[in-house]
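Because the structure is predicted, anything quoted here is derived from the model rather than measured.
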Amino acid sequence: MKRFILAVSLLCSSALAHADLKIFACEPEWGSLAQALGGDKVSVYNATTGLQDPHHIEGRPSLIAQVRNADLLVCTGAELEIGWLPILLQKSGNAKVQEGQPGSFMAAQQVQLLDIPVKVERSDGDVHADGNPHIQTDPRRIAQVAKALAERMAQLDTANAAHYQQGYTNFNTRWQQALQGWANKAASLRSTPVVVHHKSWVYLQDWLGLKEVATLEPKPGIPPTTAHLTNVLQQLQTTPAKFVLHSAYENPRSAQWLSGKAGIPVVMLPSTVGGTPAATDLFTLFDDIIQRLTSVQG
Amino acid sequence: MQLTQTTLAIAIVAALAAPTAFAETTTGNAIKDTLKPSANWEGSLIVEGIYFDSNKDEAAHEEGEEEHDHEHAHLPGFPSGGHDHGMREGLHTGHIEAVVSGNINDKLKARVTTGIMETEDEGLEMELEEAFVETQGLGKGVTVKAGRFFSDVGYLSSKHNHEWDFADNPLVYKGMFGGHTNDDGVQLSYVAPTQQFVQVGTELFKGDKFPAANSDDTVGAATVFAKTGGDIGTDHSWQAGIGHWRADSINDREGELHSHTRADGSIHAATPSFDGKSSINTVNATYKWAPNGNAQERNFKLQGEYFQRDESGKIDLVKPDGGLERTLDYDGKQDGFYVQGVYQFRPHWRVGLRHDQLDSDNTLTQANGKAATDHQVETTGLATEGHTPKRNTLMVDYTPREYSRLRLQFNEDKSTPETDQQVMLQYTHSFGSHGAHGF
């Protein structure tokens, strides 16, 4: 009898162990974070790669199918996915992950946002009313998101609540250590003036103390124009910059043009996990970012 | 709603006054959500300007034909599809769409789309294209839609004019459904819990729109459809679908008035009126390519659809005074397809090619069992004149921002025995916020 009970309870627990929390991550940074927190209790689907522009994704059939099956959506929010996530929610017919449900987790709602606009209109480009959504380039904010996400995972999958809590504790210990290391390595970057392609690095700038002196896009989301690039070049004569930043998914032509004219190097940075071959998870992502920034500085 | 928002705003302002409450407001999102005036309400306007030039009209005028009545909108071998206005020549405003959408509650959304167009005689023609409520997140993959809406039976059938990759609709849509595929009814669709996208659905319609008409039944037309799709790596994605549309009790579906002068100088005039049933089968496939899944710089889209229609019943030839001239037995088979490819070769610039082709095999029989005469077939509007309608199209468009587009298109239109060279220059601009388009 005892053996029977043991067998049954083993069967039950193994069944539970396989009852994965199915997570749909809009961007790879959140997929990577959810995997780090959940381990073998979660299965993660990344809707985008590090080489895609998360502003412009199509609501493809494959994505509808994945949202249909998800228990939890982990996205940036703050309107970053406004062009494609609503149609996936509409078409999926999945009640669990709709806006406002526990299955809908928006990272931008867990942290203080920067660049909150005073007014929003088309003449200003792709301005996000809630603030700049590119929060994943600040590891301090990732730590805040991690805490909230672990809580949300525990809330949705109560049977494994302790597991997620443990996952968070382990992650956070390693993360705080890594943070210290990155801060030490990047100390020399403080106050470095930089030009950026799109306003996607404000959080990295905030963390490392980089100074953005110009953007290659005349307005957010509006591709660089020759006239604007010429203005930037002129501006650099009075306020010089040390380098031009662009992310892995942006066309490097404009950055290279400015680099050639102004005689400053181009730095391509992974904006998320998978943006470069080295950035395989959140830890190596920031290793790579710091490495690329400090090496160009010489 | 307004009242709750105001109350909440006041509550938040009051909370802000208390320092302890402020300390807990880490993100300020609640405040912004409350103060956003239009969070629940979206409106957009799509405005089109068009220049159209056709050599056929000029030729017709040169030949001194008494009256030009846009006969060229009619496709040989295909019953005429309701109000299909051919394009007007010259420079003028085109199809204007006004769209309003919003949430009714957390599970229900509504959308109304009105199409507005000026007609040849400078009158305004308005069409309520869509006016429906739709569930969101009902659960278990189920979505229900009710009201007036575009059918999902084909790939392009649910798309509005401004979503087309060409300035005009494929010929097979004109031939099969006339103008739009909308009707009043309900739609039930289900997305299966599978790794690959699988959707099945059904629609029950009143059955008032071509090729249906004046049904005795509560449900005058119905469809079933299925779609599946997925990705191949990060660069490729695809979708394929099948659909079936049917209407079993069509009454008095009127065709175009036939009128000609007999050898003896008298005038013969009659209007065909169809009673019977009609069904359409359709298959479609779409493939998209974008390097690394980034469609912004370069992308390619290939799509094709095939439709096949079976109709059977009788056609009354009705005299202008309402009297019955004669009745013919009608057994109609019409089919057609289009295939098109659109390539965005650099940011903002696309080039597209399309081929349209139609075919028909209609049998008309007199009451005595003999085949109908050529003249009788002509009167029914189903004569082919031995012609197979075809059309080739070349398009180039420039989209500086996603809400404005300039398009130049050339059609070599052989949809009638006389080849028509058409040139279109189309400018489209959208105002306001507009939901994302489907795959």
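The shortest distance between side-chain heavy atoms of B:N294 and A:H56 does not fall below 4.5 Å. Taking 4.5 Å as the limit, some side-chain heavy atom of B:R401 sits within range of a side-chain heavy atom of A:I222.
Formation of a donor-acceptor pair under 3.5 Å by the A:Q52 side chain with backbone atoms of B:N292 is found in this model. With hydrogens and angles ignored, the 3.5 Å screen pairs a side-chain donor or acceptor of A:R68 with a backbone N or O of B:K140.
Minimum interatomic distance between A:N251 and B:E297 (heavy atoms only, all atoms of both residues): ND2-OE1, 2.9 Å.
Evaluation of the salt bridge (Lys or Arg N to Asp or Glu O under 4.0 Å) test over residues 44-59 of chain A, restricted to residues two or more places apart or in two chains, returns A:E58-B:K288. For residues 84-94 of chain A, the set of pairs meeting the side-chain hydrogen bond (donor to acceptor under 3.5 Å, both in side chains) definition, not counting sequence neighbours, comprises A:Q90-B:E134.
Both the backbone and the side chain of A:L51 come within contact range of chain B, with heavy atoms under 4.5 Å apart.
If you tally non-hydrogen atom pairs under 4.5 Å between each of A:P61, A:A95, A:A65, A:P223 and chain B, the highest count goes to A:P61. Of the listed residues (A:P86, A:A78, A:G59, A:G93), the one with the most heavy-atom contacts under 4.5 Å to chain B is A:G93.
Counting non-hydrogen atoms of other residues, nucleotides and ligands closer than 6.0 Å to CZ of B:R298 gives a total of 12 or fewer.
Using a 4.5 Å cut-off between non-hydrogen atoms, no part of residues 134-142 of chain A approaches chain B.
Residue A:Y45 holds its OH atom at 8.5 Å from CD of B:Q195, rounded to the nearest 0.5 Å. Taking CD from B:Q196 and CD from A:Q66, the interatomic distance works out to 11.0 Å, rounded to the nearest 0.5 Å.
Applying the salt bridge (Lys or Arg N to Asp or Glu O under 4.0 Å) test to B:D152 and every residue at least two apart in sequence or in another chain returns B:K227.
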